[in-house]
2 protein chains.
Amino acid sequence: MSNYRNDDQLLAEMFKALGNPHRLLLFHRLTTCCQPGTRCDLDAAMRFSVGQLGEGLEIAPSTLSHHLKALHQAGLIEMERQGKQVMCWIEPAVLSRLSGYFAGNEEIPIER
Amino acid sequence: MSNYRNDDQLLAEMFKALGNPHRLLLFHRLTTCCQPGTRCDLDAAMRFSVGQLGEGLEIAPSTLSHHLKALHQAGLIEMERQGKQVMCWIEPAVLSRLSGYFAGNEEIPIER
DNA sequence: TCTATATTTCGAAACATGTCGAACTATAGA
DNA sequence: TCTATAGTTCGACATGTTTCGAAATATAGA
């Protein structure tokens, strides 16, 4: 497909990942902390383990893992093992890149 | 799935629609007019017919129609027949809703 | 070293999506 | 009314996605 800028391919993969309700909820949990509708900037508060993210979602651990891997491979979330757990978070640049896409500033590159 | 707010379902459908490279390109064409990276506010300039949108994309008319219908059903684009052609455009509120989602203002409701 | 906890990988089944061509509908103009 | 243009609907096929359970891996602590 020669009509696409590299960027659009990346973006399409991000939207595809967010296009599943389970994955969108997981992503959403990583963007909000404590109070609903609030966003705090303390990095620690925005990190959740795989297990925490899956709480209340009625899906098998293997399915949860699969979805988080998809979000990670799309460049939407970061994952890092910390002891027995794997912690997940979103880089703020990802949010501004996506917000910017719809707001019309597409100069901002995705950083990986 | 009881964990989802109504809104998240709508949003997931929007992202799912944008998750296909062909559809993202179609959507993207509707957000940009004339100069790349520019966004003009003249409504007329932001309207394209189904045929115009498909130009250069190597997909069958039936596939094009299918994709535009998906974008429309997800609430991303508007469609209206004007003579022989069907014109497509994006309501600015959709762009601000999506931009706002990633920027952290989720109070703004989707208007349909 | 053994065990419990946390997460991932694998394989399989059910279901959804992207694509096409053929046939259809809608409109404008000769 | 006939024809050409613009899009849509339908049915079929190939491919991709979601989900699970079972088995595997990683880590911390007894």
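Chain letters run A, B, ... following the sequence lines, proteins first, then strands; residues in each count from 1. Hydrogens, waters and symmetry mates are skipped; everything else that's a heavy atom, side chains included, is used.
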Compare side-chain N and O positions of [X] against OP1 and OP2 of [N] and report whether any pair is under 4.0 Å apart.
| X | N | value |
| --- | --- | --- |
| B:S65 | D:dT8 | yes |
| A:K69 | C:dT7 | no |
| A:K16 | D:dT17 | yes |
| A:N20 | D:dT17 | no |
| B:R81 | C:dT25 | no |
| A:H66 | D:dT17 | no |

Residue whose nearest DNA chain D nucleotide is more 5′ - A:S62 or A:Q82: A:S62
Which residue lies more 5' along DNA chain D, comparing A:A60 with B:P61 via nearest heavy atoms: B:P61
Applying a 4.0 Å non-hydrogen cut-off, can you work out what [X] is touching in the nucleic acid: base, sugar-phosphate, or nothing?
| X | answer |
| --- | --- |
| B:H67 | sugar-phosphate |
| B:M87 | nothing |
| A:I59 | sugar-phosphate |
| A:L68 | nothing |

Interatomic spacing from CD1 in A:I59 to CG in A:L25 - rounded to 0.5 Å: 9.0 Å
Gap separating the CG atom of A:L98 from the CG atom of B:L98, nearest 0.5 angstrom: 10.0 Å
Options C:dT7, D:dT8, D:dA6, nucleotide nearest the side-chain atoms of B:K84: D:dA6
Per B:S49 side chain, nearest of listed nucleotides D:dG7, C:dG18, C:dT7: D:dG7
Step-by-step side-chain contact (heavy atoms from CB on, under 4.5 Å) determination, A:L95 to A:I90: CA-CA 8 Å; A:L95 292 173; A:I90 300 175; 4.0 Å; yes
